[in-house]
Amino acid sequence: MRRALPLIALVLATPTLAQTKASTIMNYPETTRGSTVDEQFGVAVADPYRWLESDVRTDASVAKWVADENAVTNAYLATLPGRDIFAARMKQLLDYERFGVPVKKGGRYFYMHNSGLQNQSVLFVRDSLGGPGRVLIDPNGWAKDGATALGEWVPSEDGRRVLYSVQDGGTDWRTVKVLDVATGKVADDSVEWVKFSNLSWAKDGSGFYYSRFAAPAEGAKFQALNENQQVYFHRLGTAQSADRQIYATPDAPKRGHSAQVTEDGKWLVITTTEGTDNRYEITILDLADPAARPRTIVRGLEHEWSLAGNVGTTFYWGTNKDAARLRIVSMDVREAQPAIREVVPEDKAVLEGAAIVGGKLIASYLVDVKSELRRYDLTGKPDGKIALPGIGAVAGTSGEADDAELFYAFTSFATPTTIWRYDVSTGKATPWAQPKVAFDPGLFDVSQRFYTSKDGTKVPMFIVRRKDLPPGPAPTLLYAYGGFNISMNPAFSPTRIAWIEQGCVLAVANIRGGGEYGKAWHDAGRLAYKQNVFDDFIAAGEDLIAQGITSKSQLAIQGGSNGGLLVGAVLNQRPDLFAAAVPQVGVMDMLRFDRFTAGRYWVDDYGYPSKEADFRVLHAYSPYHNIKSGRDYPAIMVTTADTDDRVVPGHSFKYAAALQAADIGPRPHLIRIETRAGHGSGKPTDKVIAEAADNWAFMAAWTGMTVKPMR
């Protein structure tokens with residue numbers, strides 16, 4: 001049932017209880033300060049908290065520090081009345097059916113489903129389009145704390161089996177298993193040490209291709225560098241030790257490899273990368289020829305190559321070769337050196353992906369950070385557009401080359417994700433799964449504005465607020481990412497709705513470093529140009545204030561991973577601009593990030609700390625190394641998790657210790673450390689609610705907001 005949202009009283013001038021007591025209740029744990037100093041290119045780099053890099057599972061002193069810090073943080077959060085209100089409301093908002101995009105194999109439809117408050121989503125199957133769904137894999141009973149998740153899953157071509165992975169406690173490591181769809185029985189097959197891997201069935205269902213690393217040394221599972229990734233084939237019914245190695249590059253250990261079988265089952269396509277940039281080599285293997293050897297058809301690690309599909313030996317790709325915003329090209333792989341033939345030229349919009357479905361090329365484009373779906377025939381002739389239900393983002397597609405059924409997910413800031421079924425032959429789209437939610441999307445306003453950054457660049461920003469919000473400054477959350485060619489597209493978030501309902505504003509800035517405008521936009525925010533990212537974010541905050549949307553005393557900032565780095569960097573550069581900040585799972589030590597787990601991939605965006613030119617750029621903005629005593633910083637709550645083996649928690653541990661040791665004012669500078677959780681993937685619903693409630697309550701207290709229960 002839809003309800004009108006009550007107006008919320010905003011306290012704009014008088015400090016909250018949390019603010020007035022901040023200087024008296026903060027009693028941080030004592031953190032041992034070491035004497036480690038590294039000499040790098042003539043610069044003495046102090047690293048007094050290096051001991052906090054040790055694994056919390058094996059180092060008792062780090063474990064005690066974590067426990068002591070969490071005790072202080074939890075005691076503070078318990079004083080915030082908004083915490084329980086936010087948690088209760090998010091529990092209501094999240095209590096609705098959620099569906100994933102279905103995958104059709106063997107006439108069956110496989111899809112993810114969450115009834116509402118299940119900690120983990122469940123894999124379902126329907127034996128026909130309109131038939132009832134039945135549970136295939138329910139991970140909710142795998143762990144008492146709900147922190148063991150179903151990771152990747154792929155049905156076999158005939159729909160008789162499902163290949164799936166298990167993710168425990170948020171780690172990136174996966175264990176791969178096989179399930180019989182008819183009986184629900186899990187086979188004895190088990191594959192370990194899989195990470196950053198595609199899973200792809202052989203066409204005949206005899207086995208599957210996957211990528212793995214060597215088993216790490218004892219005790220190094222969550223911190224050791226990930227190198228020498230190799231592609232293997234596992235034949236069903238055999239031990240992993242018998243798996244056949246398909247492709248490896250031992251002479252180039254930093255290269256990673258991901259394999260996929262073409263839809264016709266005749267080719268294995270191996271995509272090789274060395275970092276996070278979309279710069280690939282492409283190697284193919286003729287699966288019809290037992291004597292065939294892998295053959296590299298694209299060399300150089302220079303450009304993006306994303307397979308859209310193939311018709312026989314003609315392969316279709318999305319690529320940024322000679323096209324910064326990407327184009328669609330074809331190759332005939334029978335040629336010794338396949339020539340590139342343009343099919344769909346580069347557009348002003350950015351090509352996000354393409355696939356052959358029902359004999360047509362279906363291409364997803366980003367137009368000023370809003371999605372469009374376009375149709376082309378296989379010669380590249382335009383064949384119309386797929387009408388979308390509004391301004392938002394296509395968040396996933398599924399379909400096959402010889403089947404007219406296309407499924408896609410559509411989402412926006414105020415509209416929950418809906419799954420649509422599109423008939424390529426008739427051009428008709430119908431909802432396949434449309435959720436019912438405990439709020440009225442029509443009461444929210446979503447707008448986009450373009451503001452000017454420091455160097456004159458125009459940057460887009462989405463602003464989401466209640467339509468009945470009175471004029472004048474309001475508590476505002478500014479969010480951005482700014483890296484790795486990742487676009488911040490419109491997306492629905494029940495936890496964010498809980499923030500906006502309270503009369504607050506959400507602003508999402510599409511700053512440089514992302515992929516919103518293609519390669520040039522990404523390049524303008526990385527390596528030596530990383531400062532543009534921080535300037536864009538600072539300019540977003542200044543614009544929100546100049547437009548009267550918020551004020552300095554009401555502006556909170558948040559970002560995760562590379563976005564956590566962003567928040568940490570701008571806090572050092574402009575601590576006066578913000579009232580509160582929540583840097584999440586951030587990369588905070590820019591001089592040692594490449595020494596742990598997946599960190600060595602990130603040199604594409606950050607550069608090499610071991611190279612002088614890169615070192616000087618990194619040292620200039622590294623959050624851990626640039627905290628400035630003698631200036632008042634906003635209220636800060638750092639968040640991380642003990643099983644984060646993507647950005648190891650030592651980054652956040654060291655950064656929080658340095659914040660607490662510095663003379664940066666009376667506001668709280670806390671760290672919240674989740675247990676049995678990782679970088680974000682697989683996090684159970686109850687932990688999502690608890691963390692978001694803590695974040696919103698913390699930011700509400702420091703942006704002058706009184707949180708009231710929703711009626």
Side-chain angles (χ1 to χ4, degrees), residues 11 15-29 31 56 64-91 93-94 145 147 475 477 494-496 498-499 501-502 504 554 556-560 564 567 571 578-586 633-642 644 649 652-653 655-657 659-660 664-677 680 683-710:
V11 182
T16 66
L17 179 65
Q19 289 171 318
T20 57
K21 288 189 174 182
S23 60
T24 60
I25 64 173
M26 290 299 100
N27 184 19
Y28 303 118
T31 303
V56 64
K64 182 180 185 304
W65 182 87
V66 166
D68 291 346
E69 289 286 347
N70 270 342
V72 170
T73 299
N74 290 336
Y76 174 77
L77 292 171
T79 70
L80 305 181
R83 183 191 198 189
D84 293 339
I85 295 172
F86 275 123
R89 181 55 178 156
M90 283 186 283
K91 188 173 182 179
L93 289 168
L94 275 160
D145 63 356
L477 170 61
T495 58
R496 285 176 168 177
W499 170 265
E501 279 183 333
Q502 291 286 344
C504 302
Q554 297 168 287
I557 55 175
Q558 181 190 34
V567 170
L571 284 174
F578 314 108
V582 178
Q584 299 176 282
V585 292
Y633 275 53
I636 302 169
M637 185 166 69
V638 183
T639 70
T640 188
D642 62 359
D644 189 346
S652 293
F653 293 175
Y655 173 67
L659 285 174
Q660 292 174 1
I664 54 174
R667 298 179 182 88
H669 304 123
L670 305 169
I671 182 167
R672 182 189 189 279
I673 304 154
E674 187 63 82
T675 58
R676 289 267 300 154
K683 184 176 289 185
T685 299
D686 57 5
K687 291 191 178 191
V688 170
I689 291 172
E691 180 178 3
D694 289 351
N695 291 342
W696 293 171
F698 182 81
M699 288 187 276
W702 291 94
T703 55
M705 175 174 59
T706 298
V707 184
K708 293 188 176 180
M710 303 304 297

Taking every non-hydrogen atom, the tightest pair across Thr703 and Gln554: CG2-O, 3.3 Å
Point-to-point distance, once rounded to the nearest 0.5 Å, from CG of Asn695 to OG1 of Thr639: 6.0 Å
All side-chain contact (heavy atoms from CB on, under 4.5 Å) counterparts of Val56, not counting sequence neighbours: Val62, Ala63, Val66, Asp642
For Phe578, all residues meeting ring-ring contact (aromatic ring centres under 6.0 Å, His included), sequence neighbours excluded: none
Nearest atoms (heavy-atom pairs only) where Phe698 meets Pro668: CE1-CG, 4.1 Å
Heavy-atom closest pair, residues Gly586 and Ser652: N-OG, 4.0 Å
Which residues share a salt bridge (charged side-chain N to carboxylate O under 4.0 Å, His left out) with Arg496, sequence neighbours left out: none
Heavy-atom check, side chain of Lys687 versus side chain of Arg676, under 4.5 Å: yes
Side-chain heavy-atom pair Asp145, Pro684 within 4.5 angstrom cut-off: no
Contact summary for Ala700 and Trp499, nearest pair of heavy atoms: N-CZ3, 4.0 Å
Test side-chain contact (heavy atoms from CB on, under 4.5 Å) applied to Val582 and Leu477, step by step: CA-CA 10 Å; Val582 178; Leu477 170 61; over 6 Å; no
Tyr655 OH to Thr640 OG1 distance, which is reported to the nearest 0.5 Å: 13.0 Å
Nearest heavy atoms of Pro583 and Gly564, plus distance in Å: CB-O, 3.8 Å
Side chain to side chain, Trp65 and Ile673, heavy atoms closer than 4.5 Å: yes
Check ion pair Glu691-Lys683 (N to O, under 4.0 angstrom): yes
Inter-residue atom distance Thr675.OG1 - Asn70.CG, 0.5 Å rounding: 8.0 Å
Whether His669 and Tyr633 hold their rings parallel, tilted or perpendicular, with breakpoints at 30° and 60°: perpendicular
Side chain to side chain, Leu77 and Leu80, heavy atoms closer than 4.5 Å: yes
From Arg89 atom CZ to Leu94 atom CG, the distance as rounded to the nearest 0.5 Å: 10.5 Å
Separation of Asn74 CG from Arg672 CZ (nearest 0.5 Å): 7.5 Å
Candidates Leu670, Ile671, Ile664 - the one meeting side chain to side chain contact (heavy atoms under 4.5 Å, CB included) with Leu659: Ile664
Trp696 side chain near Cys504 side chain, heavy-atom distance below 4.5 Å: no
Separation of Glu501 CD from Met710 CE (nearest 0.5 Å): 4.0 Å
Non-hydrogen side-chain atoms of Phe653 and Glu69 separated by less than 4.5 Å: no
Contact summary for Met637 and Asp694, nearest pair of heavy atoms: CE-O, 3.7 Å
